Q: 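Got a structure for you, written out below as structure tokens; questions coming shortly.
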Protein chains: 2
Amino acid sequence: MARMATTSDVFNAVAEPRRRLILDLLSQGERSVSDIARSLGLKQPQVSKHLRVLRQVGLVSVRGSGQQRLYSLNGEGLKPVHDWVGRYERFWIESLDRLADYLDELQRKEKSDEHPD
Amino acid sequence: MARMATTSDVFNAVAEPRRRLILDLLSQGERSVSDIARSLGLKQPQVSKHLRVLRQVGLVSVRGSGQQRLYSLNGEGLKPVHDWVGRYERFWIESLDRLADYLDELQRKEKSDEHPD
DNA sequence: TTTGCATATGCCCATATGGGAATGTAGTCC
DNA sequence: GGACTACATTCCCATATGGGCATATGCAAA
């Protein structure tokens with residue numbers, strides 16, 4: 001076997017820095033391919049390829065508009081990453097106020113786990 | 001150029017599922033290589049290789065203890081991932097009132113991580 | 001249809017992978 | 001010293017990559 005495909009899951013798709021930049025850009029709103037290419041200083045084919053990967057893992061959606069294709073972010077797709085890395089928050093949360101917030105949220109989570117109504 | 005090295009940054013290191021499992025295991029405390037291999041059902045050389053990658057990006061530390069090598073988690077190394085993905089929280093959390101709904105959906109979505117084209 | 005712009009795709013290639021198996025190395029105990 | 005255990009490393013290989021570049025496709029206007 002070789003390395004896992006970048007289209008296998010969100011973690012792999014997001015491991016590529018340019019794809020993260022594309023997502024960052026799209027978080028500001030819909031963009032065309034050439035827009036993205038210009039903004040990030042990338043060649044159009046590369047952008048199309050990256051967008052393809054992002055599409056395949058469900059991180060972006062496309063919408064045709066004339067001869068352009070407008071890509072938009074599908075932010076919820078990043079939730080698995082957020083959920084996983086969130087379990088490690090305790091390793092860098094130190095300030096007391098932020099810790100309070102953290103504990104508060106933790107408590108809510110536990111409560112809604114016990115009483116899922 | 002080819003794909004970016006898994007040792008290039010934390011994002012790439014964490015893209016590999018088994019490495020995430022190793023980190024999850026280490027979040028419970030120090031473990032020896034053979035402990036990890038047994039717990040995850042992996043061969044010892046593979047575990048050593050994965051640990052090497054995790055070491056190179058600073059996610060784990062080693063400590064010699066007799067003829068064993070005890071690996072421990074360096075959780076702060078995951079902060080860049082958390083910080084980046086945290087900027088997308090708004091896409092799945094609308095309000096704190098919906099936190100319960102959010103948690104429910106989170107658990108349901110654990111299964112459907114793949115998104116075909 | 002023809003022309004032209006916007007995207008997508010195909011091809012080539014250097015590179016890195018992760019698994020298996022074998023081997024090397026280090027530390028312990030006799 | 002030798003035997004044994006715990007890890008690390010090396011070699012081989014099938015596979016996927018991402019960039020450059022050329023080209024196909026899609027869509028619209030003349």
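By convention in this document, chain letters (A, B, ...) are assigned in the order of the sequence lines, proteins followed by strands, and residues within each chain are numbered from 1. All figures in this text were calculated on a predicted structure; none of them were measured in a lab.
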Q: According to salt bridge (charged side-chain N to carboxylate O under 4.0 Å, His left out), does anything in residues 37-47 of chain A pair up with another residue at least two apart or in another chain? List the pairs.
A: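 Counting only pairs at least two positions apart or across chains, the salt bridge (charged side-chain N to carboxylate O under 4.0 Å, His left out) contacts touching residues 37-47 of chain A are Asp35(A)-Arg38(A).
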Q: Nearest nucleotide by nearest heavy atom, which residue falls closer to the 5' end of DNA chain C, Tyr71(A) or Arg3(A)?
A: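 Looking at the nearest nucleotide for each, Tyr71(A) comes out on the 5' side.
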Q: Can you check the Leu70(B) CG to dG27(C) P distance for me, whole Å?
A: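 In whole Å, dG27(C) P lies 14 Å from Leu70(B) CG.
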Q: Using a 4.0 Å cut-off to any heavy atom of chain B, which nucleotides of DNA chain D are the first and last in contact, reading 5' to 3'?
A: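 Counting from the 5' end, contacts occupy dT5(D) to dG18(D).
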Q: Do Phe91(B) and Val85(A) share a hydrophobic cluster, counting only Ile, Leu, Val, Met, Phe, Trp and Tyr and linking them when any side-chain heavy atoms are less than 4.5 Å apart?
A: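 The answer is yes; both residues are in one hydrophobic cluster.
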Q: Near DNA chain D, which residues from residues 46-69 of chain B have a heavy atom under 4.0 Å away?
A: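 Residues of residues 46-69 of chain B under 4.0 Å from DNA chain D: Ser48(B), Lys49(B), Arg52(B), Gln67(B), Gln68(B), Arg69(B).
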Q: Under the rule for side chain to side chain contact (heavy atoms under 4.5 Å, CB included), what residues qualify as partners of Arg52(B), not counting sequence neighbours?
A: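 With neighbours one apart ignored, the set is Arg55(B), Gln56(B).
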Q: State plainly whether one hydrophobic cluster holds both Leu73(A) and Trp92(B), where clusters connect Ile, Leu, Val, Met, Phe, Trp and Tyr through side-chain heavy atoms under 4.5 angstrom apart.
A: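 Yes, one cluster joins them.
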Q: With a 4.0 Å heavy-atom cut-off, tell me which residues in residues 12-21 of chain A come close to DNA chain C, sorted by residue number.
A: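 Nothing qualifies; none.
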Q: Output all residues satisfying side-chain hydrogen bond (donor to acceptor under 3.5 Å, both in side chains) with Arg20(A), sequence neighbours left out; order by chain, then residue number.
A: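 Arg20(A) satisfies side-chain hydrogen bond (donor to acceptor under 3.5 Å, both in side chains) with no other residue.
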Q: Mind checking what makes side-chain hydrogen bond (donor to acceptor under 3.5 Å, both in side chains) contact with Gln46(B), not counting sequence neighbours?
A: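 side-chain hydrogen bond (donor to acceptor under 3.5 Å, both in side chains) list for Gln46(B), sorted by chain: empty.
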Q: Applying side chain to side chain contact (heavy atoms under 4.5 Å, CB included), name anything that partners Pro80(B), two or more places apart in sequence or on another chain.
A: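 With sequence neighbours excluded, Pro80(B) shows a side chain to side chain contact (heavy atoms under 4.5 Å, CB included) to no residue whatsoever.
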Q: If two hydrophobic side chains count as joined below 4.5 Å and joins carry through other members, does Leu23(A) share a cluster with Val53(A)?
A: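 Not linked; separate clusters.
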Q: Just jot down the side chain to side chain contact (heavy atoms under 4.5 Å, CB included) partners of Leu40(B), sequence neighbours excluded, or say none.
A: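 Only Leu21(B), Ile22(B), Leu25(B), Ile36(B), Leu42(B) meet the side chain to side chain contact (heavy atoms under 4.5 Å, CB included) criterion with Leu40(B).
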Q: Using a heavy-atom distance cut-off of less than 4.0 Å, which residues of residues 35-45 of chain A contact DNA chain C?
A: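 The stretch gives Gln44(A), Pro45(A) as the residues lying under 4.0 Å from the strand, ordered by number.
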Q: Between Val14(B) and Trp84(A), does the side chain to side chain contact (heavy atoms under 4.5 Å, CB included) criterion hold? Intermediate values first, please.
A: CA-CA 10 Å; Val14(B) 158; Trp84(A) 179 76; 3.5 Å; yes
Q: Just distance, no hydrogens or angles: give the donor-acceptor pairs under 3.5 Å from side chains in residues 58-69 of chain A, sequence neighbours left out.
A:
unit_1: Ser61(A); atom_1: OG; unit_2: Asn74(A); atom_2: ND2; d: 2.5
unit_1: Arg63(A); atom_1: NE; unit_2: Glu30(A); atom_2: OE2; d: 2.7
unit_1: Arg63(A); atom_1: NH2; unit_2: Glu30(A); atom_2: OE1; d: 3.0
unit_1: Arg63(A); atom_1: NH2; unit_2: Glu30(A); atom_2: OE2; d: 3.2

Q: With sequence neighbours left out, what residues match Thr7(A) under side-chain hydrogen bond (donor to acceptor under 3.5 Å, both in side chains)?
A: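 With sequence neighbours excluded, Thr7(A) shows a side-chain hydrogen bond (donor to acceptor under 3.5 Å, both in side chains) to no residue whatsoever.
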Q: Is there a side-chain contact between Val81(B) and Phe11(A) (heavy atoms, below 4.5 Å)?
A: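 No, their side chains stay 4.5 Å or more apart.
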